[in-house]
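For this chain, numbers begin at 1 and follow the sequence in order.
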Amino acid sequence: MNMIQKAKEQVSALVNAAYLKAAEAGELPEGLSLNGSVEIPKDTANGDYAANFAMASAKLMRMPPRKVAETLVKYMELDGTWFEDVSIAGPGFMNFRMGSKWYGDVLKLVGEEGDSFGCENIGEGKKVMVEFVSANPTGPMHMGNARGGVLGDALASVLERAGYDVWREFYVNDAGNQIEKFATSIEARCLQLVKGEDAIEFPEDGYHGDDIKELAKLFVEKYGEGWLEKDTAERHEMMAAFGLEKNLPKMKSDLQRYGINYDEWFYESTLHNTGYVADSVAKLTENGYTYEKDGALWLATSKILGDKLRTAGKKEEDIAKLDLKDDVLRRANGFYTYFAADIAYHRNKFEKRGFDKVINVWGADHHGHVARLKGAMDALGLDGENRLDIVLMQLVKLMRDGEVVRMSKRTGKAISLCDLLDEVPVDAARYFFNSRPESPVEFDLDLAVRQDSENPVYYVQYAHARICTMLAAVGKEVPAAAAAELSLLSTEQEKELIKQIAALPEEIRLAARDYDPSRINKYVTELAARFHRFYTVCRIKDAEPALMDARLVLADTVRKVIAISLSIIGVSAPEKM
């Protein structure tokens, strides 16, 4: 249950009930539907909720807004509600102050709902796929993959708690040009090992990393020189398969170490092998969106996107400025492009597997691909505009001693996900990378390993451990919320802490709506800060018994909610630090 939303609904109900009574008494016009909304004001000194119905409805009533507000307040009955007071401010705002019942009900609710506290049913069980990382299996995962992994996994968790049926997927690009380049790179290094460095010049566009040299070494150790007798196509197939056989398990283990597990690793090759790419292209042709030119088959992307823009009311001169271009689906040599496979893959998500919504987490360099892919889905009749969403994330900059870091101290090579996790705790990596996707990240390696309040993940985890230590030291069982005198929790620090507890369902709702799991970071950091302020001011162990019980319930509730929040973003909640 969302206690903040419920409180807003109760304010609306109180205002409408007061209006009906005032209208019946002849003090306000009858038969009107009130306009207005309820918000939480930035400054809660005058009240916890502010309603603007009097101002929004004053024109309908042909009365000054302040007079409308005075009349509504006159007929308002707060007995039995969560509110103890309503006052009027400014031109007609009605400010509502919550009573002790709401604060107590929040703690009781967490006790009743347990680990499911914060869950909403916004999604109503709709099937959503979150596809993230999907790094080329031709080399180690880099910092962009590290960030995308956390954003995708945390977003999937947020959506699960918001009531969606979520599927996590990694798309393995095990076909196409990059795999041919992968095989060619391994082949060149193998030839250099067997015949000498000068036997062949390494391809300029090949993969130059040391990981390719290591794969070549292992390949030669396993197969000797027998592969030299095979033709190029067979040799490349053999080398690509060998490389993938080594790289994919490493990618899986690195991601598992990072706390990420997928429901499926989907292989691009299956789309080609089953004829699904060819079938998807044929369907686009049937729908009239392809044409042949220079021996290749093209998708009329400019027409698809142009028509969408015209429907949206864009002028022809504005569309012309966009310089829309068409895309090759099948090259003159008969091979399908990566874009054709990507179209087939997303058609598979919607048409074959029945996902209501598909969310891809991509790097910002894929920005130009978004409209094209959505347009292709529209051309297939799959409503890509509304069913396909892309979260674009900005770059990662690693910092140490105030300077940009590109190389690992341990290996002297570009820092990979594996290198990062050798240097900083998984919890810190996940917490730091779960920031707003549209903002670049400066990942401070020094801060990530600090064990003090400057490190945000340490600060939050310490709050959880501090509560666990305190509860153990008190030496008595925490009473059930329903059995404690929660009305005794009346200090400003206690109220502010309970308000923050109550905000978790709303933060989950907004994080799911905006595809922004970083809201959970901000939420739990603020929860920890409010707990530390409460713990500094409000004594627990030496408080009188009834107050001690109430404060034990409050502290234990904070412990539970910190653990829930950290679990959403894949961070542990230690009991000792």
inquiry  = By the side-chain hydrogen bond (donor to acceptor under 3.5 Å, both in side chains) test, which pairs, at least two apart or in different chains, include something from residues 462-472?
reply    =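 Found R466-H532.
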ask   = So which pairs with a foot in residues 218-228 pass side-chain hydrogen bond (donor to acceptor under 3.5 Å, both in side chains), sequence neighbours left out?
value =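 Every side-chain hydrogen bond (donor to acceptor under 3.5 Å, both in side chains) pair that includes a residue of residues 218-228, provided the two are not neighbours, is K217-E221.
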Carboxylate-amine/guanidinium contact [X] [Y], below 4.0 Å:
X	Y	value
K325	D327	no
D556	R559	yes
E351	K283	yes
D422	R257	yes
R450	D446	no
D279	R347	yes
E131	K349	yes

Any donor-acceptor N or O pair under 3.5 Å, side chains [X], [Y]:
X	Y	answer
T270	N273	no
S518	K522	yes
Q461	D427	yes

query = Mind checking what makes side chain to side chain contact (heavy atoms under 4.5 Å, CB included) contact with A154, not counting sequence neighbours?
reply =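 Partners of A154 by the side chain to side chain contact (heavy atoms under 4.5 Å, CB included) criterion, ordered by chain and then number, come out as N434, P517, I569.
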Could you check whether the rings of [X] and [Y] sit parallel, tilted or perpendicular, using 30° and 60° as the cut-offs?
X	Y	value
Y345	F266	tilted
H369	Y338	tilted
H346	W362	perpendicular

query = Of W167, Y262, F170, Y258, which meets ring pair (Phe, Tyr, Trp, His ring centres under 6.0 Å) against F132?
reply =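 Single ring pair (Phe, Tyr, Trp, His ring centres under 6.0 Å) partner of F132 among W167, Y262, F170, Y258: Y262.
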inquiry  = So, using side-chain hydrogen bond (donor to acceptor under 3.5 Å, both in side chains) as the criterion, who are the partners of T138 when residues are at least two apart?
reply    =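 Once residues adjacent in sequence are excluded, T138 has no partner under the side-chain hydrogen bond (donor to acceptor under 3.5 Å, both in side chains) criterion.
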inquiry  = Just to verify, what does D389 make a side-chain hydrogen bond (donor to acceptor under 3.5 Å, both in side chains) with, not counting sequence neighbours?
reply    =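 Residues passing side-chain hydrogen bond (donor to acceptor under 3.5 Å, both in side chains) with D389: K357, Y515.
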task = Taking the six-membered ring of Y289 (Phe, Tyr or Trp), confirm whether the NZ or CZ of K303 is under 6.0 Å from its centre and within 45° of its axis.
result =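 That pair does not qualify as a cation-pi contact.
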Under the salt bridge (charged side-chain N to carboxylate O under 4.0 Å, His left out) test, residues paired with E438 that sit two or more places apart =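 So E438 forms a salt bridge (charged side-chain N to carboxylate O under 4.0 Å, His left out) with R436.
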inquiry  = Are the side chains of R168 and E160 in contact, using a 4.5 Å heavy-atom criterion?
reply    =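 Yes, their side chains come closer than 4.5 Å.
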Gap between atom CG of L305 and atom NZ of K374 - 0.5 Å precision =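 The NZ atom of K374 sits 11.5 Å away from the CG atom of L305.
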Single hit among T525, V460, L504 for side chain to side chain contact (heavy atoms under 4.5 Å, CB included) with S565 =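 Exactly one option meets the side chain to side chain contact (heavy atoms under 4.5 Å, CB included) with S565, and it is L504.
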